[in-house]
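Beneath this line is the structure, given in structure tokens, with notes to follow.
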Amino acid sequence: MIRLYDTLSGEIRPLELRDPGKVSLYACGPTVYDHPHLGHARQAFTYDIVRRYLEWSGLEVHHVANVTDIDDNIINRANREGSTEPEVAKVWKAVYDKAIFDDLGMLRPHDRPHATEYVQEMVDFIQTLVDNGSAYANDSGVYLRVHAVEDYGGQVHRTLDDLREGAGARVEVDGNKEDPLDFALWKAAKPGEPSWPSPWGDGRPGWHIECVAMSLDVLGDGFDLHGGGTDLVFPHHTNERAEAIAAGREFARHWMHNAMLNIGGEKMSKSLGNFTTIQALLDEHPLNGRALRLLLLQTHYRKTMEINADVMAQARGAIERLDAMARKADGAGLDLADAPLDDAAVAAFREAMDDDMGTPEAVATIFETVRRANAALDAEDPAAPSLVATVFDLAGALGIAIGTAEEADGDDEIDGLVAARTAAREAKDFAEADRLRDELMARGIVVEDTPNGPVWHRA
RNA sequence: GCGCCGGUGCCCGAGCGGCCCAAGGGAACGGCCUGCAAAGCCGUACAGUCGCGGGUUCAAAUCCCGCCCGGCGCUCCA
């Protein structure tokens, strides 16, 4: 049974599905107006792992992630560049997609609704709220009456009064609102901004209504799981939930939130300007994409973590250990196709993952299996194929590719040098053998001798 | 200020009442293997005050109280 920490109830509880065997997952997607950074990667990655594990467990997952293609940041960028909002969104969505899906290997969500394609549904939703008295319109827009929503601050464990105190202290109270906590469902058009028609005048949708309209439309009422970064708990998710409740709709059954990424002890964010883009990390080292995934897996998703050059190097070392096992297994010519998985390792892996996505322990299980596999390989133990196959299967369940950093086959020149070295060694001409090894090393090639002959790979 | 979450070895990081003299990864050291290496395996040293101080319990890294330090949220944010 899979158990997950639920932000609303504040406890780890079983993932109870609306439809047995099927999981409906909505993970907040990006606002596309700039380079995605490592924080975005952690967010996308968290739900990529959730999906992969649920699927590995035999469940059918419907994964939805929105694309916010209209908001203040996009408008600002379009104005600054003399471009248009659709153009800005298109360009940066492509950059996001390449980094997240192509380079980092995340699975593409099954549906990716765009905000601008859902304006009519949002208007309809707001109409429902206005009709039932949950919302009110004025010159600046349409607002939700927050005080009417039961347990409004449930996700942040605050009462309305607590929240009002914070709101009054930190931000200017908008005189158009009945209550400082009320928030915009619809923003009246300002000159020069894109707008859509509505019963309350031209304007554009507020931030939260987008996710409510799209998640309920694509996944239906009472969908299973809604996720995002912890910084979205308030106000974004709190307000999404308030809108759904006010409309009398059944919303997400389970809420999960991944922790932030720190850099130099502070949250990595656009506003602080202390972010590393995914592209910059990838450019730094060919192993960094896979190393980032492993590093993220080695820390629990609900724990704030630090990313720096030092921990990236450590993660690369771990990836190399995985690849080395794959080379050794490849050199031994094992037949993995029919090898049964190792029951003990699979059970330990499943137990760790079932308990609120315990990826650090799941990874520990994989590495223990790597050690057992290496030992079996060295001893030519018949259990070797099973252990190696288990490593590949479990790593694959978490999206960790092994031994795919480069294609070692098909380079005749390198193969020739390696063969020459082997001949020299057989002739006991070790000076020549070492010279050839140094020459290969200078080309970035590392040769490893195994009982089954040499194998080589790029450093 | 209010709310939430953390502080575990040289580094990263699990564990959250007994299986812990504390997983896994990285780095280090010794042995085996190797012509020598690399990779691998075996072993060792690192945590003996698991931020600090009290308490509960037969039993606490794990629960409770207080304190110190750090992070996040309090309507831009993944």
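Treat the numbers as computed from the prediction; the structure is a model and nothing was measured. A note on names: the letters A, B, ... follow the listed sequences, proteins ahead of strands, and every chain is numbered from 1. Values reported hereafter were calculated over all heavy atoms of this structure, with side chains retained and with hydrogens, waters and symmetry mates removed.
- Residue A/His37 is classed as a base contact, given a heavy-atom separation below 4.0 Å to a base.
- Nucleotides B/rC63 and B/rG15 place their C1' atoms 16 Å apart, quoted to the nearest Å.
- Residue order along RNA chain B, read from the 5' end via each residue's closest nucleotide, puts A/Val311 first among A/Pro235 and A/Val311.
- If you measure from atom CG of A/Leu297 to atom C1' of B/rC12, you get 14 Å, rounded to the nearest angstrom.
- Within the structure, ring-ring contact (aromatic ring centres under 6.0 Å, His included) pairs that include any residue of residues 342-388 of chain A comprise A/Trp56-A/Phe349 (at least two apart or interchain).
- Residue A/Asn258 is in base contact, counting any heavy-atom pair closer than 4.0 Å across all strands shown.
- Taking the ring centroids of A/His226 and A/His254, they lie at or beyond the 6.0 Å cut-off.
- Rounded to an integer number of Å, the gap from A/Trp207 CH2 to B/rC76 P is 8 Å.
- Using a 4.0 Å cut-off, no side-chain N or O of A/Asn262 falls inside it from OP1 or OP2 of B/rG71.
- Not counting sequence neighbours, A/Asn76 has no partner by the side chain to side chain donor-acceptor pair (under 3.5 Å) test.
- The C1' atoms of B/rU62 and B/rG7 are separated by 14 Å, rounded to the nearest whole Å.
- Across all strands, A/Val447 comes closer than 4.0 Å to base atoms (heavy-atom distances).
- Taking 3.5 Å as the limit, the base of B/rC36 and the side chain of A/Arg437 contain a donor-acceptor pair of atoms between them.
- Comparing the P positions of B/rA14 and B/rG51 gives a spacing of 14 Å, expressed to the nearest Å.
- The side chain of A/Thr299 lies closest to B/rA14 when the candidates are B/rA14, B/rG40, B/rG73.
- Of the candidate nucleotides B/rC77, B/rC41, B/rA38, B/rC77 has the atom lying nearest to any side-chain atom of A/Ser271.
- Comparing B/rA78 with B/rC20, their P atoms sit 43 Å apart, to the nearest whole Å.
- A/Met268 comes within contact range of at least one nucleobase, with a heavy-atom separation under 4.0 Å.
- At B/rG73, one or more side-chain N or O atoms of A/Lys267 fall inside 4.0 Å of OP1 or OP2 (strictly under the cut-off).
- For A/Phe430, the side-chain atoms get nearest to B/rG35 when compared with the rest of B/rC72, B/rC12, B/rG35.
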Atom pairs, protein N/O to nucleotides 6-9 of chain B N/O, distance under 3.5 Å:
none

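- Rounded to a whole angstrom, the distance from the P atom of B/rA61 to that of B/rC77 is 43 Å.
- As rounded to whole Å, 15 Å separates atom C1' of B/rG71 from atom CD1 of A/Ile263.
- Evaluation of the salt bridge (charged side-chain N to carboxylate O under 4.0 Å, His left out) test over residues 36-53 of chain A, restricted to residues two or more places apart or in two chains, returns A/Asp48-A/Arg52, A/Asp48-A/Arg293, A/Arg51-A/Glu55.
- The C1' atoms of B/rG9 and B/rG1 are separated by 38 Å, rounded to the nearest whole Å.
- Aromatic pair A/His63/A/Tyr47: ring centres not closer than 6.0 Å.
- As rounded to whole Å, 18 Å separates atom P of B/rC77 from atom CH2 of A/Trp92.
- The nearest heavy atom of RNA chain B to A/Asp310 and to A/Ala324 marks one nucleotide each, and the one closer to the 5' end goes with A/Asp310.
- For A/Thr304, counting side-chain heavy atoms from C-beta on, the closest listed nucleotide (B/rC74, B/rC72, B/rG71) is B/rG71.
- A/Glu81 pairs by the salt bridge (Lys or Arg N to Asp or Glu O under 4.0 Å) definition with A/Arg77, not counting sequence neighbours.
- Note: CD1 (A/Ile307) to P (B/rC12) measures 13 Å, nearest angstrom.
- With B/rA14, B/rA78, B/rA39 as the candidates, the nucleotide lying closest to the side chain of A/Thr31 is B/rA78.
- Residue contacts shown for A/Ile366 are absent, as no nucleic acid heavy atom lies under 4.0 Å away.
- Comparing B/rC21 with B/rA47, their P atoms are spaced 16 Å from each other, to the whole Å.
- Looking at residues two or more places apart in sequence or on another chain, you find no salt bridge (Lys or Arg N to Asp or Glu O under 4.0 Å) involving A/Lys303.
- In this structure, the nucleotide among B/rG13, B/rC77, B/rA38 sitting nearest to the side chain of A/Val446 is B/rA38.
- As judged by a 4.0 angstrom heavy-atom cut-off over every strand, A/Gly265 is placed among residues touching the sugar-phosphate backbone only.
- Contact annotation: A/Trp456 does not reach the phosphate of B/rA39 (side-chain N/O to OP1 or OP2, under 4.0 Å).
- Separation of the A/His208 and A/His237 ring centroids does not fall under the 6.0 Å cut-off.
- With sequence neighbours excluded, no residue forms a side chain to side chain donor-acceptor pair (under 3.5 Å) with A/Asn374.
- Among the heavy atoms of the strands, none lies under 4.0 Å from A/Val233.
- Checked by atom type and distance alone, the side chain of A/Ser386 never pairs as donor or acceptor with a backbone atom of A/Ala339 at under 3.5 Å.
- Using a 3.5 Å distance cut-off with no hydrogens or angles, the side chains of A/Asn308 and A/Asp310 do not pair a donor with an acceptor.
- Within the 4.0 angstrom heavy-atom criterion, base atoms lie near A/Asp434.
- At whole-Å resolution of the value, OH in A/Tyr33 and P in B/rC77 are 8 Å apart.
- The ring of A/Phe251 has its center closer than 6.0 angstrom to the ring center of A/Phe223.
- Shown here are the side chain to side chain donor-acceptor pair (under 3.5 Å) partners of A/Glu243, two or more places apart in sequence or in another chain: there are none.
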_Return a single string for nucleotides 24-34 of chain B, one symbol per nucleotide in 5' to 3' order, where B is base contact, S is sugar-phosphate-only contact and - is none, cutoff 4.0 angstrom on heavy atoms._
SBS--------
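- Across the protein-nucleic acid pair, A/Asn274 atom CG and B/rG71 atom C1' stand 13 Å apart, rounded to whole Å.
- As rounded to whole Å, 16 Å separates atom P of B/rG40 from atom CG of A/Asn452.
- In secondary-structure terms, RNA chain B builds stems of at least 3 consecutive Watson-Crick or G-U pairs, each pair having both distances under 3.5 Å, at B:1-7 with B:68-74, B:10-12 with B:24-26, B:28-32 with B:40-44, B:51-55 with B:63-67.
- Distance noted for atom C1' between B/rC67 and B/rG40: 50 Å (whole Å).
- Evaluation of the side chain to side chain donor-acceptor pair (under 3.5 Å) rule for A/Asp355 yields no partner, not counting sequence neighbours.
- Among pairs with a residue in residues 265-276 of chain A, those fulfilling salt bridge (charged side-chain N to carboxylate O under 4.0 Å, His left out) read A/Asp34-A/Lys270, A/Asp231-A/Lys267, at least two apart in sequence or across chains.
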